[in-house]
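A quick write-up on the structure given underneath.
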Amino acid sequence: MTEDRGVRPVTQGNSSPELRRPDGSPVRVLVVDDESTLAELMTMALRMEKWEVRTALDGTSAVRVAREFRPDAVVLDIMLPDFDGLEVLRRMRTEAPMLPVLFLTAKDAVEDRIAGLTAGGDDYVTKPFSLEEVVLRLRALLRRTGVTESGAGTELVVGDLVLDEETREVRRGDDQVELTATEFELLRFLMRNPKRVLSKAQILDRVWSYDFGGQANIVELYISYLRKKIDAGRAPMIHTMRGAGYVLKPAT
């Protein structure tokens, strides 16, 4: 029965370490899907992780619940009855620019995956999927965005660019830079390897953990996003090494 709704059966026995917010409270996840049975199945799987879960069946309620619930991550179906998930994402990001979003859809063409990520999604799962896959992707997103990180934290500094791994604040000179979760992780990887040329394959493996079927142009896309925020109107720090990859170094 679950196969027809795009979900493969759950395998019991998840032994992954529990993730919690730095203050010890449960992780919050918003599930947005117009198939109520599917939303319920995902809710059950996520609550097994001891996460707090809310659901929404359309775009309007999703935006409202996100505003009230303030989730740490969102599972978002692209096809909704009132307006699509891309518009939901846009509205959510106006209030929470770094909110990580996992797109969920029946569309499986590479072009559709790239379209969702171009709109600002951080990851993508296509139906049919396993509930374990959704959980694993969400865990990776939560770790990536620092929702579950605590401790002393460290600052990465390259030239006049500063990234605080604990507060997740980024500054270029005196200016604060607002980044999405994926942009932040990409910049952190570059800043942990200053003056080192990183290939697209290395970046895909580190930032996305898989290669979207070889679609390395997603790296080009996010590098362009970073350049607009980091280098716009300033001496450039992110450089393309033709045929080799990208390098971040202090502006000269």
Side-chain angles (χ1 to χ4, degrees), residues 86 89-90 93-94 97-103 107-126 137 140-141 143-146 149 153-252:
L86 304 183
L89 173 64
R90 188 190 68 78
R93 285 274 174 81
T94 60
M98 295 185 66
L99 178 63
V101 171
L102 172 66
F103 271 127
K107 296 181 179 180
D108 58 2
V110 169
E111 293 78 9
D112 293 322
R113 301 184 191 188
I114 299 302
L117 293 163
T118 301
D122 298 288
D123 206 344
Y124 203 104
V125 175
T126 55
R137 296 288 183 86
L141 274 182
R143 286 193 298 267
R144 181 190 305 173
T145 56
E149 293 179 356
T154 58
E155 277 194 350
L156 301 177
V157 181
V158 179
D160 64 346
L161 183 63
V162 180
L163 180 149
D164 190 311
E165 293 186 293
E166 181 181 8
T167 66
R168 306 190 71 79
E169 293 180 346
V170 176
R171 302 187 308 277
R172 176 85 193 262
D174 296 327
D175 299 326
Q176 191 89 4
V177 181
E178 296 291 338
L179 300 178
T180 67
T182 303
E183 291 166 354
F184 182 91
E185 187 65 16
L186 174 56
L187 180 61
R188 175 158 60 178
F189 185 45
L190 293 173
M191 291 185 70
R192 283 180 172 174
N193 297 275
K195 300 181 181 180
R196 177 185 171 191
V197 178
L198 301 170
S199 69
K200 291 180 181 179
Q202 288 175 305
I203 294 172
L204 279 167
D205 181 66
R206 173 60 182 83
V207 178
W208 284 273
S209 301
Y210 53 95
D211 65 4
F212 293 104
Q215 293 297 313
N217 59 337
I218 196 66
V219 176
E220 299 173 15
L221 180 67
Y222 273 84
I223 286 289
S224 71
Y225 290 165
L226 271 187
R227 281 179 167 144
K228 290 176 183 177
K229 296 183 177 183
I230 300 297
D231 288 345
R234 307 178 179 94
M237 295 185 66
I238 302 172
H239 303 270
T240 300
M241 308 302 290
R242 189 173 297 276
Y246 302 95
V247 60
L248 182 140
K249 55 187 179 181
T252 55

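Given the structure is predicted, the values throughout are model-derived calculations rather than measurements.
Within the 4.5 Å cutoff, the side chain of Glu178 has no heavy atoms near those of the Glu183 side chain. Using a 4.5 Å cut-off on side-chain heavy atoms (C-beta onward), Val219 and Ile223 make contact. Side-chain contact between Gln202 and Tyr246 is absent, with no heavy atoms from C-beta onward closer than 4.5 Å. Between Leu86 and Phe103 the shortest side-chain heavy-atom distance falls below 4.5 Å. Looking at Glu185 and Phe189, their side chains never come closer than 4.5 Å, going by heavy atoms from C-beta outward. The side-chain heavy atoms of Tyr222 and Leu226, taken from C-beta on, include no pair separated by under 4.5 Å.
Checked against side-chain hydrogen bond (donor to acceptor under 3.5 Å, both in side chains), Arg171 has no partners two or more places apart in sequence or in another chain. Scanning for side-chain contact (heavy atoms from CB on, under 4.5 Å) contacts around Arg234 gives Arg172, Asp175, with sequence neighbours left out. Applying the side-chain contact (heavy atoms from CB on, under 4.5 Å) criterion to Glu169, with sequence neighbours excluded, gives Thr167, Gln176. Residues satisfying the side-chain contact (heavy atoms from CB on, under 4.5 Å) test with Pro250, not counting sequence neighbours, are Val158, Lys195. Listed by chain and residue number, Leu89, Leu99, Val101, Asp122, Thr180 satisfy the side-chain contact (heavy atoms from CB on, under 4.5 Å) test with Arg93 (two or more places apart in sequence, or in another chain).
Closest heavy-atom contact between Val170 and Leu187: CG1-CD2, 3.8 Å. Here the closest heavy-atom approach between residue Thr126 and residue Tyr124 is recorded as CG2-CE2, 3.5 Å. Annotation for Val207 and Leu186: closest pair CG2-CA, 3.9 Å, computed over non-hydrogen atoms.
For the atom pair Phe184 CZ and Met98 CE, the distance stands at 6.0 Å (nearest 0.5 Å). Atoms OG1 and CD1, from Thr182 and Ile218 in turn, are 8.5 Å apart once rounded to the nearest 0.5 Å.
For residues 243-252, no residue pair satisfies the salt bridge (Lys or Arg N to Asp or Glu O under 4.0 Å) rule, not counting sequence neighbours.
The one candidate from Leu198, Val197, Leu190 that meets the side-chain contact (heavy atoms from CB on, under 4.5 Å) condition with Val247 is Val197.
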Just distance, no hydrogens or angles: give the donor-acceptor pairs under 3.5 Å from side chains in residues 235-244, sequence neighbours left out.
from   : atom 1 : to     : atom 2 : distance (Å)
His239 : NE2    : Pro236 : O      : 3.4
Thr240 : OG1    : Arg227 : NH1    : 3.4
Thr240 : OG1    : Arg227 : NH2    : 2.7

